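Below is one structure, written out as structure tokens, with a few remarks after it.
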Amino acid sequence: MKYKLTKKQKKTLKRIILAFAILIADVIVTRLFNIEGVLKLILFLIPYVIVGYDVLKTAAINIVHGQIFDEKFLMTVATLGAVLTGEYPEATAVMLFYQVGELFQSIAVGRSRKSIAKLMDIRPDYAVVLRDGEELTVSPDNVEVGEIIVVKPGEKIPLDGNIVEGATSVNTAALTGESMPVDKACGDMVISGSVNLTGVIKVKTTSNYGMSTVSKILELVENASEKKAKVEGFITRFARWYTPAVVIGALALAILPPLFTGITDGATWMLWIKRALVFLVVSCPCALVVSVPLSFFGGIGGASKEGILIKGANSLEALSKIDTVVMDKTGTLTKGTFAVEAIHPSEISSEELIDIAAAAESYSSHPVAESVIKAYEGQIDRSRIGSVEELAGKGIKAEVDGKMYYVGNGALMDMVKADWHDCELTGTIIHIACVGEYLGHIVINDELKSDSRAAIEELRSLGIKKTVMLTGDKEKVAEKIAKETSVDEFYAELLPSQKVDKLEMLLNGSSKVAFVGDGINDAPVLTRADVGIAMGAMGSDAAIESADVVLMDDKPSKIALAVKLSRKTMGIVWQNIIFSLGVKGIILILGALGIANMWIAVFGDVGVLVIAILNSMRAMVNVNKQ
């Protein structure tokens, strides 16, 4: 991803180059012609002022406003002190390299912001709405729920909705990180922020813009930086107390040794003042204050490119520590859509059995009925169907081709005295009978997501100690899914409140628990877990609002990727903390002993800052591309 320097950054770069050129020229000229005194001071003040006037100005303004102890103050005191002690090249070099570090910081933040700003491209500029037979171009905010919008090829889909006319391919890469286009036809749901690629479609909106997918994504990303991690809060507090302590330490280093030794001649004072200035330069906390938030910002930006929205640095930090993953079944490990798995006829053919069942169920909107109709694959002739009666808790009684058929559960078969039998397969069993004659049954199951098993295996490879499935479904169905996915434990036939109880039990075992769910009944569990992870594409609004992490493409495999990204980011954070404090600590000791000079101090400040920033930028790179 290319990054262009801003106007301000270009100006800073020009100042750095100009000041550096003049500094080199001054060093050569003063040595060739042995220039000393006021003329030498003036020559070196030129590059010093060119590169450092804004630092001096900001430090002065901050002092006036009572904000004394910051890095600008430290740089000003250290460099002016170097000027007063006759170290003119060193003073200019310190200011020069400080500005180099500031430029690196600005570019790094800019790159990270650009990464996140790419998400802003998903914000739709307009919507074409059908009103009174006319196509009107309006702001997405002005489209009501239930209105029909027209989306042409190449346009962003401005609002969530269902296609009512047309078919197309949709690019959801900006939302999910998945580059493969998805085919959409009449009846399918499309989400705002994705791009229509091929055909003209008409979409009936299911939410207004404020509640749309794209609006929620932008809100999550924009607010993510406000939620700080514990380590980030510690660094902020540390810097607040650290800087004044350093200034006091430098003063003590300049004054106390001469007084205690009793050697108070000019040369001794000058020696310890120089050491104190080195102490001030190297002690600047820029590397910590800049690199730690930048690492979190980069981690959140890198995750967003993969279709993983992390709501803040605190959520990212918590995610890196989890050792137990608890998952809902329906919509998380399974697709949440029913499909016919098997057709077992008794007295008639499979084709005849599915034909009768589809005709009987054709007036029902129940998900099970829809799966039977979908499996039929033909056009249902409604003229064949007479009276239809729904029998509560049992099934349907329907007249098809002049005969009365009963389609439902075992209780319905008992009611009509059909000689039925249960199925050896696990799932929802739909039995069919005709006036006491048992015709067979159809097995319907929720389909397992293609990557569910791989997701569990990858979590184990990351050191996750336990994977658990919670579901309100029947014991047999839950056991089947548990075996297919190889989760460690499962609990079935749970009410929403019982899911919370099971989670509490796991939390009491001193585990760090993440819960993954998608339904409205998952919201209490998502909130109670250490980290709540919601399926964002098909998940309910309540689940997404309650979660700390949102997976925009509903793939269970993204859970492991989110954990990887969080651990990688936290690793970078601690690398920066340990490296910064370690190097500074060593140089502080060497400076106090008179071993480290101003040039080493410059590395201890600016060099450490640049290295820490470059390390932080690794957080934006996909863990799978390293």
Side-chain angles (χ1 to χ4, degrees), residues 8-9 11-12 15 45 48-85 87 90-92 94-106 108-109 225-256 272-294 296-297 313 576-577 580-581 584-585 588 591-592 598 601-602 604-606 608-609 612-613:
K8 185 178 179 182
Q9 289 168 347
K11 183 180 177 183
T12 302
R15 284 170 52 207
L45 277 180
Y48 176 79
V49 172
I50 288 172
V51 78
Y53 73 85
D54 55 337
V55 176
L56 300 171
K57 180 182 174 183
T58 304
I61 291 170
N62 287 347
I63 289 169
V64 170
H65 288 93
Q67 299 172 356
I68 299 174
F69 300 112
D70 62 6
E71 68 269 19
K72 301 285 194 303
F73 174 79
L74 291 178
M75 284 300 108
T76 300
V77 171
T79 54
L80 288 179
V83 169
L84 292 174
T85 56
E87 295 186 340
E90 288 86 346
T92 306
V94 168
M95 192 64 81
L96 182 69
F97 287 116
Y98 174 74
Q99 291 287 34
V100 170
E102 289 289 290
L103 180 61
F104 261 90
Q105 174 192 332
S106 176
V109 171
S225 60
E226 296 176 9
K227 298 177 180 179
K228 291 190 174 184
K230 289 180 182 178
V231 67
E232 196 175 2
F234 165 74
I235 292 300
T236 304
R237 293 191 301 273
F238 172 79
R240 193 179 299 136
W241 291 99
Y242 171 80
T243 309
V246 159
V247 174
I248 294 167
L251 284 171
L253 186 61
I255 296 170
L256 295 181
W272 286 103
I273 287 171
K274 285 181 180 179
R275 291 184 182 183
L277 293 174
V278 169
F279 190 90
L280 276 180
V281 171
V282 77
S283 61
C284 185
C286 307
L288 283 180
V289 175
V290 171
S291 66
V292 171
L294 188 62
F296 281 113
F297 199 70
N576 285 340
I577 291 172
S580 300
L581 292 179
K584 283 182 179 291
L588 281 173
M598 190 66 78
V602 168
D605 176 39
V606 179
V608 169
L609 172 63
I613 287 172

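Keep in mind that this is a model prediction, so the values were computed, not measured.
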Minimum-distance pair of heavy atoms, taken over all atoms of Ala276 and Ala254 | CB-CB, 3.7 Å

Please report the C-alpha distance between Glu90 and Thr79 in whole Å, then the side-chain angles of each, then the deciding distance to 0.1 Å, and finally whether the side-chain contact (heavy atoms from CB on, under 4.5 Å) criterion is met.
-> CA-CA 8 Å; Glu90 288 86 346; Thr79 54; over 6 Å; no

State, yes or no, whether a side-chain contact exists between Phe73 and Thr58 at a heavy-atom distance under 4.5 Å.
-> no

Scanning both residues in full, the closest heavy-atom pair of Val51 with Gln99 reads O-NE2, 2.6 Å

Return the minimal non-hydrogen interatomic distance between Gly52 and Met95, and the atom names on each side.
-> CA-CG, 3.4 Å

One should read off an interatomic distance between Thr76 OG1 and Leu56 CG, to the nearest 0.5 angstrom, of 5.0 Å

With side chains defined as the heavy atoms from C-beta onward, is the minimum distance between Asp54 and Arg15 less than 4.5 Å?
-> yes

The reported gap from CH2 in Trp272 to CD1 in Ile255 (rounded to nearest 0.5 angstrom) is 13.0 Å

Atom pair NZ/CG of Lys8 and Leu103 - distance to nearest 0.5 Å | 11.0 Å

Which distance, rounded to the nearest 0.5 Å, do you find between the OG1 of Thr92 and the CG of Leu45?
-> 7.0 Å

